[in-house]
Amino acid sequence: MAGVPTPTLPRIPRWISLRNSLRFAYNPIATLDQYVAEYGPTFEFYLGGMVKGILTTDPGLAQHVLQKEHRKWRKSPIQTERMGYFLGNGLLTSDGDYWLRQRRLIQPGFHRKRLAGLTAIMNQEVDDFLDRRFEPALAAGQPIDMSPMMMELAFRVVAKSLFTTALTEEDLTLLADTVTVVQSFIARTFRQPYLIPWFRFSGQYREHKELSDRFEGVILKYIQGRRSSGERNDDLLQMLLEARYEDTGEGMTDRQLVEESAILFVAGHETTANALSWAWFLLGQHPEVVERLRREHEAVLGGREPAFEDLPKLEYTQQVIDEAMRLFPPAWITDRLCVEDDQYGELPLPKGSRVVAYIWGIHRRPGLWDEPGVFRPERFSRERRKEYHPFAYMPFGGGPRLCIGNNFALMEMQLVLVKMLRRYELEWNPGFEPELQPLITLRPRNGVLMRVRRKGEQTGVEGLNG
Ligand code: HEM
C-alpha cells in the first residue's frame, strides 16, 4: 500500500447523528436520504447516534461485502445477537459454521421444485382468506386498509405452509399477536439503541422475551404433535423434520426445529405483506397497469386456478412485483461487520468496519435508474433487466445469505395478485397518502386505504375520507 493515497470518506460528525437521532427514530429513510444528498453515495456516520458505520448506495460495495468477499464479513451482532435473543438461533440470526450447516440442510426444501407442492396450500389459503376475512370487510362499504389485510393474509400463508391444517385459529391469532409485539420492540432497540439500558431496567426486555418464549411454546406443541402422530404432510414442517445432515445422517432436534420455524414465521410474513401493500398502493394509481395484468392473467390462465407451472408465464405480473419492491423494498437496509482486513478499490476496510447497504437508496439512485421515482414495471422485462448492475436491484439481499424464501414469496405474491384482481376492482382513495414507517421492514405507517368493490358490481364505496 506504500505510496498509494488512502481515500478518506466523507464523515458525518457524531453530534449531527445524535442531533438527528429523534428524527432518525421516527423515519430513518428521510434522514438517510438527506445524508446521501449532502455527503454522496458512501460516507461514515453513526447509526442512531451510537454505532459507527459506513453507509453506501454503491451497488459495487454492496456486492463486494455481501458476495465477492463475504468470507471477510459477518452479519452484525445487531442482527444476530439482539434479534437472536428474542427470536432464537435460526437461519436469519445465526452465523459462521452453524449457519452454513443449517443453510445447507434447509436450502433444498426451498428449491422451486419442492415449492410446487405448496401451490395448493397457498391457493386454498388465499381463497379462504378472501371469503372469510376480506368479503365481510368489503360488505361494510368503507375504504379498506390493505396493510393489515395483507399482514394477516401473509401470516396465514406462512403458518399454513408450515403446519397445514393442524393449526387452530386460536393458536394462529396468538402467534400473530406475539410476533407483532416482539418485532416492533426489536425494531425500537435498533432505532433507539440509547434506550436499551432503560428497556432492560424497566423490565421490557424480560417481558418481550417471555412473549417470544410463549410463541416458541406454541410452535413446539405442533412439532411434537407431528412427530408423535407420525402423520405426513406436504408442508414446510415436514421438510424440516425430514432434512438430514450430510455428515451424521441425523435430523434436527426439537429445539432447532422450533428456532428455524420461528424464523420462517418472522422472516416470511411481514416482508411479503409489505411488498403486497405497496404494490396495491402503486396499482391503485395505475389502472393501465392493472388492465395489462388482467390481460396477461386471461391469456395465460383463462378462468382456471393458477398452477405452479403457470407462474413463470406470468411475466408481466412478475415485473410489477419487482418494480413495486424496487420502489418500496420491504428489507430496506442490511449491514455486515468486517472480521478480516479488507479493501474495496482504494478504500481500506479494516477489521471492525461496519458497512450498511442502504437498499432503499440503491433502488432509487439516479444514474443507476432512469427516473427512479417513477413506477415502470417494463424496466424488469427480460431484455432490460440485463442492463442493470447485479446489485442495483437487491430486495432479497445477495451472496450466500440471499433470502431463502425468495421463490416462496414471489409465488405467493403472484397468486395473490391473480386472485384478487380476478375478484375485485381496487382504486386509489383520493386524498390519502401513505407515509413510510421503516421498522425492521418498510411498512406504510398509516396503512394503504383503498376503495374496493367486487368486479361487475356498480355500487361503489361510500363515505370516503376527503
Ligand atoms: C417479499 C418478501 C421478502 C423479502 C423482501 C425478503 C428479504 C430478505 C433479505 C433482504 C434477506 C437477507 C438479509 C441479509 O442479508 O441481511 C432475507 C433473508 C432471509 N429470508 Fe427473506 N424476504 C422475503 C420473504 C421471505 C419468506 C417468504 C421467507 C420464508 C418463508 C423468508 C425467509 C428468510 C430467511 C430464513 C432468511 C435468512 C437466510 C440466511 O441468512 O441464510 N423470507 N430475506
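Remember, it's a predicted structure, so these values are computed and weren't measured experimentally. Just follow the structure's listing: the first ligand is 1, and inside any ligand the first atom is 1.
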Option whose closest heavy atom lies nearest to [atom], chosen from [options]:
atom: atom 11 (C) of ligand 1; options: Phe265, Trp99, Phe396, Trp332; answer: Phe396
atom: atom 31 (C) of ligand 1; options: Gly90, Ser161, Gly405; answer: Gly405
atom: atom 13 (C) of ligand 1; options: Glu412, Lys75, Gln107; answer: Lys75

Got a sec: does the CG of Asp247 have more than 12 other heavy atoms crowding it under 6.0 Å?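 It does: Asp247 CG has more than 12 such atoms within range.
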
Arg445, CZ atom: more than 12 neighbouring heavy atoms under 6.0 Å: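 For Arg445, atom CZ is crowded (more than 12 foreign heavy atoms under 6.0 Å).
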
Distance from [atom] to nearest protein heavy atom, with residue and atom:
atom: atom 39 (C) of ligand 1; result: Arg103 NH1, 3.2 Å
atom: atom 15 (O) of ligand 1; result: Arg336 NH2, 2.7 Å
atom: atom 26 (C) of ligand 1; result: Gly268 CA, 3.3 Å
atom: atom 35 (C) of ligand 1; result: Ile404 CG2, 3.6 Å
atom: atom 5 (C) of ligand 1; result: Pro395 O, 3.5 Å
atom: atom 20 (N) of ligand 1; result: Cys403 SG, 3.2 Å
atom: atom 40 (O) of ligand 1; result: Arg401 NE, 2.8 Å
atom: atom 14 (C) of ligand 1; result: Thr334 OG1, 3.4 Å

When you measure from the centre of the six-membered ring of Phe380, is the NZ or CZ of Arg326 closer than 6.0 Å and no more than 45° off the axis?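 Pair Arg326/Phe380 does not count as cation-pi.
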
Looking at [X], which atoms of ligand 1 are within less than 4.0 Å of one of its heavy atoms?
X: Leu91; answer: 35 (C), 39 (C), 40 (O)
X: Gly397; answer: 10 (C)
X: Met413; answer: 1 (C)
X: Met325; answer: 1 (C)

Answer with yes or no whether Met394 contacts ligand 1, where contact means a heavy atom under 4.0 Å from a ligand atom.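 Flag not set, Met394 not near ligand 1.
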
Does the side chain to side chain contact (heavy atoms under 4.5 Å, CB included) test come out yes or no for Arg379 and Trp369, once each step is laid out? CA-CA 9 Å; Arg379 295 179 203 272; Trp369 302 96; 4.0 Å; yes

Evaluate the side-chain proximity of Phe391 to Leu66: yes if any heavy-atom separation is below 4.5 Å, no if none is.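 Leu66 reaches Phe391 side chain to side chain.
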
Quick check: Phe134 with Tyr424 (ring centres under 6.0 Å apart)?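 Yes, ring centres under 6.0 Å apart.
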
Once the angle between the rings of Phe163 and Tyr222 is folded into 0 to 90°, is it parallel (under 30°), tilted (30 to 60°) or perpendicular (over 60°)?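 It falls in the parallel class, under 30°.
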
Taking 4.0 angstrom as the limit, do Lys72 and Asp342 come out as a salt bridge?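 Yes, Lys72 and Asp342 are salt-bridged.
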
